[in-house]
Amino acid sequence: MSDHPSTFEGTPGNTGALNWEDRAALHRKDDGDGVLDGANSLKRGSFAEIIEHLMLLPADDRDAYVIEKAGDREYSADEAAALYQHPDFPRND
């Protein structure tokens, strides 16, 4: 899955690569989106940093959050957990 839309109909190209450095923000799932959505973010950073931050939260609390990735879409806590296990995930161990 590519994170960068092509110029043809704005659809993503299919390179299979994930861009871990894309900008992302952590939001409460129920924050309402809307015009001031950017002001509702709890934390901003790279996609990888936000996934890692979400994985540091207690498992029971994660479902209350989503990750909004620049130019892409929202990722649920379950999707973030799966991406955290991705073999290419850049760990800060």
Side-chain angles (χ1 to χ4, degrees):
M1 144 176 95
S2 171
D3 297 318
H4 304 288
S6 72
T7 55
F8 181 72
E9 295 182 359
T11 56
N14 189 10
T15 66
L18 287 167
N19 189 348
W20 301 110
E21 293 303 314
D22 264 358
R23 304 311 300 158
L26 183 67
H27 286 262
R28 287 200 55 85
K29 189 186 295 186
D30 60 0
D31 73 1
D33 292 330
V35 176
L36 300 176
D37 188 47
N40 291 336
S41 66
L42 302 170
K43 182 171 180 64
R44 293 180 176 277
S46 72
F47 188 41
E49 289 169 343
I50 301 302
I51 289 172
E52 196 163 43
H53 181 79
L54 184 60
M55 293 302 104
L56 292 173
L57 297 175
D60 292 342
D61 295 342
R62 292 180 194 154
D63 282 339
Y65 301 93
V66 294
I67 296 174
E68 291 186 1
K69 187 164 164 292
D72 201 0
R73 63 176 180 89
E74 287 185 353
Y75 289 81
S76 69
D78 288 341
E79 289 173 307
L83 288 171
Y84 187 67
Q85 299 303 318
H86 193 281
D88 294 335
F89 187 81
R91 301 203 180 274
N92 288 326
D93 296 334

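Index from 1, following the sequence. Both backbone and side-chain heavy atoms feed into the values below; hydrogens, waters and symmetry mates do not.
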Is there a path of hydrophobic side-chain contacts, each under 4.5 Å between heavy atoms, that joins Leu18 and Met55? yes
Is there a path of hydrophobic side-chain contacts, each under 4.5 Å between heavy atoms of I/L/V/M/F/W/Y residues, joining Leu42 to Leu57? yes
Which pair of heavy atoms, one from Pro90 and one from Ala48, lies closest together, and at what distance? CG-CB, 3.6 Å
What is the distance from atom [atom1] of [X] to atom [atom2] of [Y], rounded to the nearest 0.5 Å?
X     : Y     : atom1 : atom2 : value
His86 : Ile51 : NE2   : CD1   : 10.0 Å
Asp63 : Leu54 : CG    : CG    : 9.0 Å
Arg23 : Glu68 : CZ    : CD    : 14.0 Å
Lys29 : Arg62 : NZ    : CZ    : 13.5 Å

Salt-bridge contact Lys69-Glu79 (side-chain N to carboxylate O under 4.0 Å): no
Check whether any side-chain heavy atom of Tyr65 sits under 4.5 Å from a side-chain heavy atom of His27, and report yes or no. no
Is any side-chain heavy atom of Leu83 closer than 4.5 Å to a side-chain heavy atom of Phe47? yes
Looking at Ile50, is its backbone amide N or carbonyl O close enough to the side chain of Lys43 to form a donor-acceptor pair, meaning the two atoms are under 3.5 Å apart? no
